[in-house]
Number of protein chains: 2
Amino acid sequence: MADINFSRTVADPDSKGPEATSPAARSGEFRWDIIELLFFAYRDFVGDADLELEAFGFGRAHHRVMHFVYRYPGLKVADLLDVLRITKQSLGRVLKQLLDEGYIIQKTGNNDRRQRLLYATPKGEALVAKLAGLQTDRITRALAEISPDGVAAINQFLRAMIDREDPDKVLEAIFGTGSKKPRE
Amino acid sequence: MADINFSRTVADPDSKGPEATSPAARSGEFRWDIIELLFFAYRDFVGDADLELEAFGFGRAHHRVMHFVYRYPGLKVADLLDVLRITKQSLGRVLKQLLDEGYIIQKTGNNDRRQRLLYATPKGEALVAKLAGLQTDRITRALAEISPDGVAAINQFLRAMIDREDPDKVLEAIFGTGSKKPRE
DNA sequence: AAATTTATGTCAGCCATATTGACATATCTT
DNA sequence: AAGATATGTCAATATGGCTGACATAAATTT
């Protein structure tokens with residue numbers, strides 16, 4: 001496997017003593033292998049979409065918005081803010097572009113007329129599908145040689161890497177902790 | 001497992017016909033589950049370090065530079081540019097800060113005196129260790145319930161997600177394709 | 001009915017991180 | 001000596017974050 005994973009003793013960053021350090025830092029054992037694999041895997045994973053997005057004059061932010069609006073139709077602006085962890089002002093700029101260019105439409109909420117529920121237009125759906133296609137191809141290739149048990153382990157690992165306290169609406173849907181259904 | 005993973009037919013983004021679409025887009029089958037898990041897992045994974053970095057007045061860019069300089073001592077500026085996929089100018093600003101504040105030192109290359117080989121100082125090593133500790137803790141927690149075979153599958157998956165054509169110096173070390181050793 | 005809270009939008013300005021292009025210097029290679 | 005390479009730096013620009021303040025409409029509470 002050629003794992004690059006060895007320990008090395010280093011000084012405490014703040015000279016505050018060991019109480020400020022994590023279990024790993026105290027033991028001197030780090031998962032350099034996974035840390036670096038995650039960096040490179042994510043870099044290349046989002047790189048696929050980045051290339052395509054240039055042709056549309058969009059950036060990563062547009063992709064993230066389009067993705068979640070398509071996947072969770074009727075998402076509120078506030079939900080999107082929770083998921084993306086950005087401010088209203090940052091989202092506003094990107095969302096306005098997507099609305100103006102016809103990738104997303106807003107509908108006034110039925111119960112609460114203050115809400116602007118977000119939906120992807122066919123044009124928006126097509127963009128999401130194109131980008132998700134590229135990413136799915138990479139995932140499919142990566143999973144091709146892995147057993148069903150292995151795929152289950154990968155799923156379990158990725159889920160366990162996610163913070164569970166204070167989950168947003170989308171995470172509740174993914175983890176099935178609430179009663180929300182993801183679509184339809 | 002509560003996987004949210006279903007297909008749905010969408011229009012072609014560019015109306016260019018099916019030849020422009022990926023296998024996944026043509027089949028209408030997407031790995032929404034993995035796509036979203038990767039998004040959230042990476043968001044929370046880097047979030048750990050982001051919080052710490054604020055206290056140092058640094059950003060994500062500083063972390064990436066520190067990490068690779070520490071892990072691959074004697075890295076050249078050009079190597080770092082390949083790994084981080086940013087421009088010399090962007091790197092320059094961040095690197096200058098890290099040099100000025102004593103997290104990194106430069107040594108002139110022995111064979112080629114044009115080169116500035118980069119090394120982490122003890123102060124720099126301590127910062128890297130602190131951040132890697134947080135991330136290692138998360139990884140350790142996530143791997144805790146997973147069998148050795150499962151961990152191997154996770155490793156294999158992450159490696160397979162990475163582009164192998166035109167690997168940079170660090171990737172050669174990780175994959176062992178060249179004769180380079182990662183440290184010392 | 002009035003007051004308060006909530007959901008959203010917007011304005012002005014700031015910061016970090018990225019970009020391109022041009023150019024300078026030192027050093028190595030031919 | 002000429003050319004290529006490794007690095008550094010200047011100027012200008014773009015994107016995508018941020019904070020704080022404020023406005024509107026609609027829902028909720030008092």
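Quick note: numbers below take in every heavy atom, side chains included, and nothing from hydrogens, waters or symmetry partners. Chain identifiers are assigned alphabetically (A, B, ...) following the order of the sequence lines, protein sequences preceding nucleic acid strands; residue numbering begins at 1 within each chain.
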If you look at every strand shown and take non-hydrogen atoms under 4.0 Å, does Glu54(A) touch a base, only sugar-phosphate, or nothing? nothing
Candidates dG9(C), dA18(C), dG8(D) - which lies nearest the side chain of Ala61(B): dA18(C)
Ile104(A), Leu117(A): one ILVMFWY side-chain cluster at the under-4.5 Å cut-off? no
Which nucleotide wins on minimum distance to the side chain of Ser90(A), given the candidates dT8(C), dT19(C), dG17(D)? dG17(D)
Take atom CG of Leu95(B) and atom P of dA16(C), then tell me their distance rounded to the nearest Å. 17 Å
Reckon Gly59(B) touches a base, only the sugar-phosphate, or nothing at all at heavy-atom distances under 4.0 Å? sugar-phosphate
Measure the shortest side-chain to side-chain distance between Val46(B) and His63(B) over non-hydrogen atoms and say whether it is less than 4.5 angstrom. no
Whole-Å distance, Phe56(B) CZ to dA16(C) P, equals 17 Å
Is there a residue in residues 38-50 of chain A whose heavy atoms reach under 4.0 Å of DNA chain D, and which residues are they? none
Excluding sequence neighbours, so at least two apart, what forms side-chain contact (heavy atoms from CB on, under 4.5 Å) with Arg113(A)? Thr108(A)
What residues from residues 107-115 of chain A pass a heavy-atom cutoff of under 4.0 Å to DNA chain C? Arg114(A), Gln115(A)
Do the ring planes of Trp32(A) and Tyr70(B) sit parallel (below 30°), tilted (30 to 60°) or perpendicular (above 60°)? tilted
Side-chain (Asp44(A)) to main-chain (Asp163(B)) donor-acceptor, under 3.5 angstrom: yes
Rounding to a whole Å, what distance do you find between Leu99(A):CG and dT10(C):C1'? 14 Å
Just by modelled atom types, is the Glu36(B) backbone N or O under 3.5 Å from a matching donor or acceptor in the Arg71(A) side chain? no
Atom-to-atom span, CG of Asp79(A) to P of dT6(C) - whole angstrom: 16 Å
5'-most contact on DNA chain D (nearest-nucleotide basis), Val77(B) vs Phe58(A), goes to Val77(B)
Whole-Å gap separating P (dT17(C)) and CD1 (Ile86(A)): 17 Å
Side chain of Arg93(A), base of dG16(D): donor and acceptor closer than 3.5 Å? yes
Looking only at N and O atoms, is any donor in the side chain of Gln89(A) or the base of dG16(D) less than 3.5 Å from an acceptor on the other one? no
May I ask you to decide if Glu101(B)'s main-chain N or O and Lys123(B)'s side chain share a donor-acceptor pair within less than 3.5 Å? yes
Is the Tyr42(A) ring parallel, tilted or perpendicular to the Phe45(A) ring (thresholds 30°, 60°)? tilted
Closest-nucleotide mapping onto DNA chain C: is His62(B) or Gln106(A) further toward the 5' terminus? I mean the 5' end. Gln106(A)
Does Phe175(A) have Arg164(A) sitting over its ring (NZ/CZ under 6.0 Å from centre, angle to axis within 45°)? yes
Under 4.0 Å between any heavy atoms, over every strand shown, what does Lys88(B) touch: base, sugar-phosphate, or nothing? Just pick one. base
For Leu98(B) and dG8(D), give me the distance from atom CG to atom C1', rounded to whole Å. 16 Å
Interatomic distance where CD belongs to Gln97(B) and C1' belongs to dG8(D) [whole Å]: 16 Å
In whole angstroms, the gap separating C1' of dA16(C) from NZ of Lys96(B) amounts to 17 Å
Output yes when at least one side-chain N/O atom of Thr87(A) is less than 4.0 Å from OP1 or OP2 of dC18(D), else no. yes
Taking the six-membered ring for Trp, are Phe40(A) and Phe68(B) parallel (under 30°), tilted (30 to 60°) or perpendicular (over 60°)? tilted
Starting at the 5' end of DNA chain D, which residue's closest nucleotide do you reach first, Gly92(B) or Arg64(A)? Gly92(B)
